[in-house]
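Structure first, commentary second.
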There are 2 protein chains.
Amino acid sequence: MHKEAWTFFPHAGSRHVQTLRVALKLFVKNGFFNTSIQELCSEAEVSIGFFYNHFSDKEGIARELYRHLLARMNVLLDDIEERHMGNRDRCEAVLRMLFGLAEAEPEAMGFVVNARHREFLPEEQAICSASAFVRMRGFVFAGITEGEIREMEPMVAASLMYGSAIRMICLRLDGLVDTPIEPFFDSLWEGVWRSLKPV
Amino acid sequence: MHKEAWTFFPHAGSRHVQTLRVALKLFVKNGFFNTSIQELCSEAEVSIGFFYNHFSDKEGIARELYRHLLARMNVLLDDIEERHMGNRDRCEAVLRMLFGLAEAEPEAMGFVVNARHREFLPEEQAICSASAFVRMRGFVFAGITEGEIREMEPMVAASLMYGSAIRMICLRLDGLVDTPIEPFFDSLWEGVWRSLKPV
DNA sequence: GTCTATATCCTGATAGAC
DNA sequence: GTCTATCAGGATATAGAC
């Protein structure tokens with residue numbers, strides 16, 4: 001897998017996927033509740049009938065989008081676990097991946113980190129309880145156990161590990177950083193690692 | 001000002017404020033769009049007529065809430081600026097204040113850090129452009145200029161400074177941390193400062 | 001200023017032809 | 001499977017009495 005594969009939609013094409021893409025765009029730009037099915041169908045150039053045959057209802061398309069993006073993150077994490085054995089290296093690779101995704105697919109990233117999914121998918125767990133995020137924290141916990149990371153409360157360590165990068169991504173998505181953030185990665189990672197490396 | 005004063009609603013009592021409090025609760029619990037004016041008025045024990053006489057419309061009460069909370073944060077920042085002269089100390093005090101607010105007023109904190117205000121207040125700027133957040137970053141920028149903080153990209157430094165605490169607060173608000181986070185403050189601050197202190 | 005009753009609009013979802 | 005026309009419901013906001 002190459003860096004170019006850091007994308008949430010590796011295969012495009014079908015009207016089904018096209019509708020998902022338009023839903024993603026509109027949900028991120030205007031929010032789930034400000035997006036009507038009419039607008040969505042019109043923009044995706046599909047009929048209302050097509051929509052209801054492919055997605056159970058409005059929540060249905062949001063749910064499919066949500067699960068697709070989280071599943072995709074899990075695939076990317078699989079790849080990271082294969083390529084890196086140390087926990088420190090895995091965490092660094094995760095942060096680099098997040099930076100890459102934020103630039104390559106800002107809308108998907110916005111939907112993952114910014115949207116309040118519970119408001120329109122009440123039956124879903126909080127996103128930070130989702131498998132992908134649990135695994136990410138798992139790298140940190142294992143790093144502490146194995147002595148790669150300084151001894152401290154696991155949740156504090158996880159916040160130190162991922163909080164700064166997520167913050168930077170939010171600032172980027174909100175337009176407060178007006179250039180790609182990838183060039184800042186090394187500097188950010190240096191700071192993060194200083195806070196976590198053993199003394 | 002004492003620690004107990006770290007609250008978003010220092011004065012309670014009037015039906016107007018009571019309505020704001022109920023709106024805050026419902027907006028955070030169910031979201032702005034899932035909260036009907038009927039439900040809001042019924043829970044706050046005010047009539048629809050009262051509501052429309054005191055708030056221009058549904059957006060109006062959300063806007064008042066939003067501006068009140070940000071104004072309150074500015075007051076708390078004023079206090080921090082008075083009590084602390086160094087930029088490092090100011091940043092530490094800000095983080096401590098955020099931890100305190102998250103425990104004392106989780107709903108208000110949730111509305112500030114989690115809600116997607118742009119979806120229901122389209123004319124407002126992104127919250128991280130709001131005065132309070134600009135001032136918070138200003139402490140970091142000044143710290144770099146004055147040599148208190150290690151030389152680096154200002155936005156990277158701001159992310160390192162505030163990202164971890166905000167992350168931890170989100171984990172707490174989402175229920176992934178089930179005990180008050182204030183006892184973790186010293187450990188978190190130690191990590192944050194390691195990432196930012198001059199070498 | 002405050003209240004109740006109501007009008008108006010728009011949305012999600014369906015029915016039924018093809 | 002796909003489409004168009006339509007329905008039913010619920011929401012916001014207002015009208016008008018007190």
Side-chain angles (χ1 to χ4, degrees), chain A residues 9 11-68 107 111 115-124, chain B residues 11-68 111 115-124:
Chain A
F9 290 107
H11 312 294
S14 70
R15 276 199 298 175
H16 186 96
V17 170
Q18 171 63 12
T19 310
L20 280 171
R21 279 189 164 282
V22 170
L24 174 62
K25 185 183 87 178
L26 293 176
F27 289 168
V28 170
K29 189 172 63 146
N30 303 325
F32 177 84
F33 294 100
N34 289 320
T35 302
S36 74
I37 291 180
Q38 279 215 331
E39 180 189 8
L40 169 50
C41 291
S42 143
E43 189 123 342
E45 293 176 334
V46 299
S47 69
I48 302 264
F50 177 90
F51 179 89
Y52 278 100
N53 276 334
H54 280 252
F55 310 98
S56 58
D57 55 11
K58 194 181 172 188
E59 274 188 35
I61 194 170
R63 194 178 304 113
E64 180 166 337
L65 205 47
Y66 180 77
R67 294 187 177 165
H68 172 81
E107 284 163 356
F111 191 75
R116 301 309 302 160
H117 313 96
R118 305 295 294 272
E119 290 183 13
F120 48 90
L121 299 176
E123 81 286 1
E124 296 283 343
Chain B
H11 311 294
S14 71
R15 277 199 298 176
H16 186 97
V17 170
Q18 171 63 11
T19 309
L20 281 171
R21 280 189 164 280
V22 170
L24 174 62
K25 186 184 85 177
L26 293 176
F27 290 168
V28 170
K29 188 171 64 144
N30 304 325
F32 177 83
F33 294 100
N34 289 321
T35 302
S36 74
I37 291 178
Q38 278 213 332
E39 180 189 7
L40 169 50
C41 291
S42 143
E43 190 122 344
E45 295 178 331
V46 300
S47 69
I48 302 265
F50 178 90
F51 179 90
Y52 278 100
N53 276 335
H54 280 251
F55 309 99
S56 58
D57 55 10
K58 193 180 170 187
E59 273 187 37
I61 194 170
R63 194 179 304 111
E64 181 167 336
L65 205 47
Y66 180 76
R67 292 188 178 164
H68 172 79
F111 191 76
R116 302 308 302 158
H117 314 96
R118 304 294 294 272
E119 290 183 12
F120 47 90
L121 298 175
E123 82 284 2
E124 296 283 343

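Only a predicted model underlies this, so the values are computations on that prediction, with no experimental measurement involved. Hydrogens, waters and symmetry mates play no part in the numbers below; they use all other heavy atoms, side chains included.
Rounding to whole angstrom units, OH of residue B/Tyr52 and C1' of C/dT4 are separated by 14 Å. Rounded to whole Å, the distance from CG on B/Asn53 to C1' on C/dT4 is 13 Å. Whole-Å rounding puts the A/Ile37 CD1 to C/dC10 C1' distance at 13 Å. Here the C1' atom of nucleotide C/dT11 and the CZ atom of A/Phe51 are 13 Å apart, to the nearest Å. Between A/Leu26 atom CG and C/dG12 atom P there is a gap of 12 Å when expressed in whole angstrom units. When rounded to the nearest whole Å, the span between CD of A/Glu59 and P of C/dG12 equals 12 Å. When the C1' atom of C/dT4 is taken as reference, atom CZ of B/Phe50 falls 16 Å away, rounded to whole Å. Residue B/Ile48 contributes atom CD1, which lies 12 Å from atom P of C/dA5 at whole-angstrom precision.
Counting non-hydrogen atoms under 4.0 angstrom, A/Thr35 reaches the backbone sugars and phosphates but no base.
Pairs passing the side chain to side chain donor-acceptor pair (under 3.5 Å) check and including a residue from residues 34-52 of chain B, sequence neighbours excluded, read B/Lys25-B/Glu43.
First and last contacts of DNA chain D with chain A, using any nucleotide atom under 4.0 Å from a protein heavy atom and ordered 5' to 3', fall at D/dT2 to D/dT4.
Mapping A/His54 and A/Gln38 onto DNA chain D via the closest heavy atom, the residue that lands nearer the 5' end is A/His54.
For A/Glu124 and A/Arg67, the salt-bridge test passes: some basic side-chain N is under 4.0 Å from an acidic carboxylate O.
The aromatic rings of A/Phe120 and A/Phe111 lie tilted to each other, with the angle between the two planes from 30° to 60°.
Residues A/Ala44 and A/Thr19 approach most closely at CB-CA, 4.1 Å, considering heavy atoms. Contact record, B/Glu119 with B/Phe33: O-CZ, 3.5 Å, taken as the closest heavy-atom pair.
Counted by atom type alone, B/His54 and B/Glu64 present zero donor-acceptor pairs between their side chains at under 3.5 Å.
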